[in-house]
Enquirer: 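Take a look at this one; I'll ask things after.
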2 protein chains.
Amino acid sequence: MLFRVDPTSTVPLFDQLAASVRTELARGTLRAGERLPSAREVAAALDINIHTVLKAYQELRDEGLIDLRRGRGAVVTESAGLPPELLAAVRALVVEARRGEVGVTTLTALIREEYSA
Amino acid sequence: MLFRVDPTSTVPLFDQLAASVRTELARGTLRAGERLPSAREVAAALDINIHTVLKAYQELRDEGLIDLRRGRGAVVTESAGLPPELLAAVRALVVEARRGEVGVTTLTALIREEYSA
DNA sequence: ACCTATTTGTCCGTATGTATG
DNA sequence: CCATACATACGGACAAATAGG
């Protein structure tokens with residue numbers, strides 16, 4: 001098993017697991033389009049509950065790193081090929097947010113609201 | 001009880017509950033600094049599981065609408081007084097994202113990344 | 001300084017639903 | 001039709017932070 005968790009740590013298991021997946025993504029062991037082991041497999045291998053694994057996977061999904069779908073599993077998304085204008089707009093927005101002392105959670109909430117409008 | 005859910009709906013209970021809280025926030029029934037009823041209370045009143053309520057509360061916390069802390073409960077944050085420049089930057093960003101066919105999860109992930117940098 | 005009750009956080013277990021292949 | 005896999009919901013248990021006496 002690629003991933004590791006330390007049950008004696010004070011860091012929540014699902015956070016440890018999510019961090020472990022992020023590491024593998026960063027080092028390129030896991031690449032875009034590849035499929036992560038099913039939650040049940042990971043749970044069995046690490047001897048933790050399937051819900052704990054699912055919570056870690058959902059955290060990664062919320063970050064846009066993986067795509068979760070029923071019956072299909074967890075697939076690494078390709079966050080590549082992003083338009084440079086978008087990245088510029090992101091930087092400008094964050095500058096504005098910092099100036100207004102607006103937190104990241106509020107900011108992303110605003111984004112979601114505007115996006116669904 | 002202020003909040004309502006419909007168990008026969010296909011919409012998840014925790015989403016219904018979170019939406020119900022958002023409505024009360026929007027109409028001003030709940031205001032900044034006020035405390036939401038404890039998860040246990042809500043669960044008992046609506047006859048749903050406490051975990052379902054907690055999940056709804058955590059969803060609201062992720063949106064920056066409430067502040068959750070152990071032993072203290074759920075308190076409405078003050079997300080008022082947002083600078084109009086920020087709102088303009090948000091709209092500009094979302095336009096750019098739509099043009100590039102960038103999903104909302106990817107977008108918020110980019111925001112978080114830039115914000116923590 | 002201590003104790004107790006309250007409240008959210010985490011984790012495990014189980015069951016059922018739903019989409020995919 | 002069937003197996004797989006995530007989604008939701010319920011139940012129980014203990015830990016940790018907070019508030020108040």
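Convention: sequence-line order gives letters A, B, ...; per-chain numbering from 1.
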Enquirer: Per the side-chain hydrogen bond (donor to acceptor under 3.5 Å, both in side chains) rule, what does the pair list look like for residues 9-21 of chain B, sequence neighbours excluded?
Expert: none
Enquirer: Output a table of nitrogen or oxygen pairs between the protein and nucleotides 18-21 of chain D separated by less than 3.5 Å.
Expert:
{"unit_1": "D:dT18", "atom_1": "O4'", "unit_2": "B:Arg70", "atom_2": "O", "d": "3.1"}

Enquirer: Do B:Val53 and B:Leu13 make a side-chain contact, defined as non-hydrogen atoms from C-beta onward lying under 4.5 Å apart?
Expert: no
Enquirer: Return yes when atom CG of A:Asp6 has more than 12 non-hydrogen atoms of other residues, nucleotides or ligands closer than 6.0 Å, and no otherwise.
Expert: yes
Enquirer: For DNA chain D, what residues of residues 37-48 of chain B have any heavy atom nearer than 4.0 Å?
Expert: B:Ile48
Enquirer: Provide the start and end nucleotides, 5' to 3', of the part of DNA chain C that has atoms under 4.0 Å from heavy atoms of chain A.
Expert: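 So the outermost contacting nucleotides come out as C:dT10 to C:dG21.
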Enquirer: Any salt bridge linking A:Glu24 with A:Arg31? Criterion: basic side-chain nitrogen under 4.0 Å from a carboxylate oxygen.
Expert: no
Enquirer: What residues form a side-chain hydrogen bond (donor to acceptor under 3.5 Å, both in side chains) with A:Glu34, not counting sequence neighbours?
Expert: none
Enquirer: So, do A:Leu17 and A:Val42 sit near enough that their side-chain heavy atoms are less than 4.5 Å apart?
Expert: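 When only atoms from C-beta onward are counted, A:Val42 and A:Leu17 do touch, with a gap below 4.5 Å.
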Enquirer: Who else is in the cluster with A:Leu54 when I, L, V, M, F, W and Y are joined by side-chain contacts under 4.5 Å?
Expert: A:Ile50
Enquirer: Grab the CD1-C1' distance between A:Ile66 and D:dA7 for me, whole Å please.
Expert: 14 Å
Enquirer: Grab the CG-P distance between A:Leu54 and D:dA5 for me, whole Å please.
Expert: 12 Å
Enquirer: From the options A:Arg61, A:Arg35, A:Arg72, select the one residue that forms a salt bridge (charged side-chain N to carboxylate O under 4.0 Å, His left out) with A:Asp67.
Expert: A:Arg72
Enquirer: Side-chain N or O of A:Gln58 versus OP1/OP2 of D:dC6: is the shortest distance under 4.0 Å?
Expert: no
Enquirer: Check this for me: does the side-chain of A:His51 come within 3.5 Å of the base of D:dA9 through a donor and an acceptor?
Expert: yes
Enquirer: With a 4.5 Å cut-off on side-chain heavy atoms, are B:Leu36 and B:Val76 touching?
Expert: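 B:Val76 vs B:Leu36: side chains touch.
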Enquirer: Answer yes or no: does a side-chain N or O of B:Asn49 lie under 4.0 Å from OP1 or OP2 of D:dG11?
Expert: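 For D:dG11, OP1 or OP2 has a side-chain N or O of B:Asn49 closer than 4.0 Å.
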